[in-house]
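Shown next, in structure tokens, is the structure this report addresses.
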2 protein chains.
Amino acid sequence: MKQHGAAHSAQRLEQMISKLREQSFRLTPQRLAVLEILAASEGHPTVAEIYEAVRARFPTTSLATVYKTVILLKELGEVLELGFPDGSNRYDGSRPQPHPHIICTACRRIMDPELSSIEHLNEEIAQKTGYTIQHHRLDFFGLCPACRARR
Amino acid sequence: MKQHGAAHSAQRLEQMISKLREQSFRLTPQRLAVLEILAASEGHPTVAEIYEAVRARFPTTSLATVYKTVILLKELGEVLELGFPDGSNRYDGSRPQPHPHIICTACRRIMDPELSSIEHLNEEIAQKTGYTIQHHRLDFFGLCPACRARR
DNA sequence: CTTCATGCAAAACATTTGCAGCTGG
DNA sequence: CCAGCTGCAAATGTTTTGCATGAAG
């Protein structure tokens, strides 16, 4: 269901670094640490989680810097921001293109399901509404098998 | 593309009132004002907008009460909450069931497009992942015809 | 009458900003 | 070197909470 972890992660990291260099952004150790965390993230970490992970590797990093870096990467299209109604924001640096998510409403875990027929929707909408579609967001909410069993 | 405004709005208001009575929640003037605004809302107002609209009719209402009422209605399933990555929350009291939205990234207007093949997706996901799907969220982002012309 | 709801102000959060000092290229 | 980045702390903005008062049922 997902690409091979380590290889994909290394590739993502390279891609992010290139993008920064391309646009003459500096590669500071703090930034690099954030990039590595995001590129390697299998889950969908919050800023606070990224901050903790970065600190383990580079202890003087500040929360503000993590925010600034994440925002920068988002603007460069190298990270996908997922905001939820409860105000929590999560980030996906592993797959920065929009893709569906499925969120367990009990354990709050987020997964990336495969789903074929979505690109189709963009076209249908464009045609019916006359809008130029830039991107979309599709989330499913429900109980994962483990949490369902636990009830 | 949408139900007839006034009739549908009145019907939604009745439905909300019934739901509150059913569960023995009190019908205060402040609540009623919020219900009316939400039931009649063609757009997708923010809490601040609801607050303003309610104040026009019932000037002593506090922001906290609007929040509490909106949260109550959300829990009763009578209002749909739409959170966005920028932290803004919007509410749809006119159609409380999940439905797709299309958001213009220039003028920020939100519309409700018709789209046939969504229920189908719930099933496909349930089958592929083993989750019990409770609800979903589908948003499209793009330029509306007016904003595109303006470029 | 007896809750439950309201309104106020303070608290709680998450995120952003201003700025002095540091540092990558 | 010096523009851009960092870290700190303060500011911001939104939503939540505690509690005394008021009113719905």
Side-chain angles (χ1 to χ4, degrees), chain A residues 16-38 44-76 78-79 81-91 108, chain B residues 16-38 44-76 78-79 81-91 108:
Chain A
M16 289 181 182
I17 292 175
S18 305
K19 185 67 81 75
L20 287 182
R21 276 208 234 276
E22 245 172 53
Q23 316 219 3
S24 310
F25 288 106
R26 289 184 185 162
L27 265 181
T28 64
Q30 294 92 331
R31 266 187 189 162
L32 199 51
V34 173
L35 298 202
E36 284 174 10
I37 299 302
L38 281 172
H44 300 73
T46 61
V47 167
E49 285 163 358
I50 298 166
Y51 176 58
E52 283 312 314
V54 167
R55 288 212 133 211
R57 177 167 323 185
F58 203 92
T60 72
T61 309
S62 73
L63 189 54
T65 295
V66 176
Y67 271 107
K68 286 167 186 164
T69 305
V70 164
I71 290 169
L72 175 61
L73 289 171
K74 177 179 61 170
E75 285 168 355
L76 294 177
E78 290 298 326
V79 104
E81 184 180 55
L82 298 175
F84 293 99
D86 66 354
S88 67
N89 275 0
R90 294 176 166 274
Y91 296 87
R108 305 249 55 188
Chain B
M16 289 182 182
I17 291 175
S18 304
K19 186 67 81 78
L20 287 183
R21 276 208 234 275
E22 244 171 55
Q23 317 221 3
S24 310
F25 288 106
R26 290 184 185 162
L27 264 181
T28 64
Q30 294 92 329
R31 267 187 189 162
L32 200 50
V34 174
L35 297 203
E36 284 174 11
I37 298 301
L38 281 172
H44 300 75
T46 62
V47 167
E49 286 164 357
I50 297 166
Y51 177 58
E52 282 312 314
V54 167
R55 286 213 133 210
R57 177 166 323 184
F58 203 92
T60 73
T61 309
S62 74
L63 188 54
T65 294
V66 175
Y67 271 107
K68 287 167 186 165
T69 305
V70 164
I71 290 169
L72 175 62
L73 289 171
K74 177 179 60 171
E75 285 168 355
L76 294 178
E78 290 299 326
V79 104
E81 183 181 54
L82 298 174
F84 292 99
D86 66 354
S88 67
N89 275 0
R90 294 176 166 276
Y91 296 86
R108 305 249 55 188

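Residue numbers begin at 1 in each chain, while the letters A, B, ... track the order of the sequences.
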Rounded to whole angstrom units, what separation is found between the [atom1] atom of [X] and the [atom2] atom of [N]?
{"X": "B:Leu73", "N": "C:dA5", "atom1": "CG", "atom2": "P", "value": "12 Å"}
{"X": "B:Tyr91", "N": "D:dT14", "atom1": "OH", "atom2": "C1'", "value": "10 Å"}
{"X": "A:Ile71", "N": "D:dC5", "atom1": "CD1", "atom2": "P", "value": "13 Å"}
{"X": "B:Leu63", "N": "D:dT15", "atom1": "CG", "atom2": "P", "value": "8 Å"}
{"X": "A:Glu75", "N": "C:dT16", "atom1": "CD", "atom2": "P", "value": "10 Å"}
{"X": "B:Tyr67", "N": "C:dA10", "atom1": "OH", "atom2": "C1'", "value": "16 Å"}
{"X": "B:Glu81", "N": "D:dT16", "atom1": "CD", "atom2": "P", "value": "8 Å"}
{"X": "B:Asn89", "N": "D:dT14", "atom1": "CG", "atom2": "C1'", "value": "9 Å"}

I'd like to check [X] versus [Y] (side-chain heavy atoms, cut-off strictly below 4.5 Å). Are they in contact?
{"X": "A:Thr61", "Y": "A:Phe58", "answer": "yes"}
{"X": "B:Leu72", "Y": "B:Leu20", "answer": "yes"}
{"X": "A:Thr28", "Y": "A:Arg31", "answer": "yes"}

Supply the atom-to-atom distance [X] [atom1] to [Y] [atom2], rounded to the nearest 0.5 angstrom.
{"X": "B:Tyr67", "Y": "B:Ile50", "atom1": "OH", "atom2": "CD1", "result": "9.5 Å"}
{"X": "A:His44", "Y": "A:Glu49", "atom1": "NE2", "atom2": "CD", "result": "11.5 Å"}
{"X": "B:Glu22", "Y": "B:Ile17", "atom1": "CD", "atom2": "CD1", "result": "12.5 Å"}
{"X": "A:Gln30", "Y": "A:Leu35", "atom1": "CD", "atom2": "CG", "result": "11.5 Å"}
{"X": "A:Thr46", "Y": "A:Arg90", "atom1": "OG1", "atom2": "CZ", "result": "5.5 Å"}

*Does A:Thr65 have a side-chain nitrogen or oxygen under 4.0 Å from the phosphate oxygens OP1 or OP2 of D:dG7?*
yes
*Could you check which of D:dT16, D:dT6, C:dG7 has an atom nearest any side-chain atom of A:Gln30?*
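My answer, after comparing the listed nucleotides, is D:dT6.
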*Quick one: what's the B/S/- string for nucleotides 19-25 of chain C, heavy-atom cutoff under 4.0 Å, read 5' to 3'?*
----BBS
*Listed in order of residue number, which residues of residues 51-61 of chain A have a non-hydrogen atom at under 4.0 Å from DNA chain D?*
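Nucleic-acid contacts, sorted: A:Thr60, A:Thr61.
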*Please walk me through it: do B:Leu76 and B:Phe25 pass side-chain contact (heavy atoms from CB on, under 4.5 Å)?*
CA-CA 11 Å; B:Leu76 294 178; B:Phe25 288 106; 4.2 Å; yes
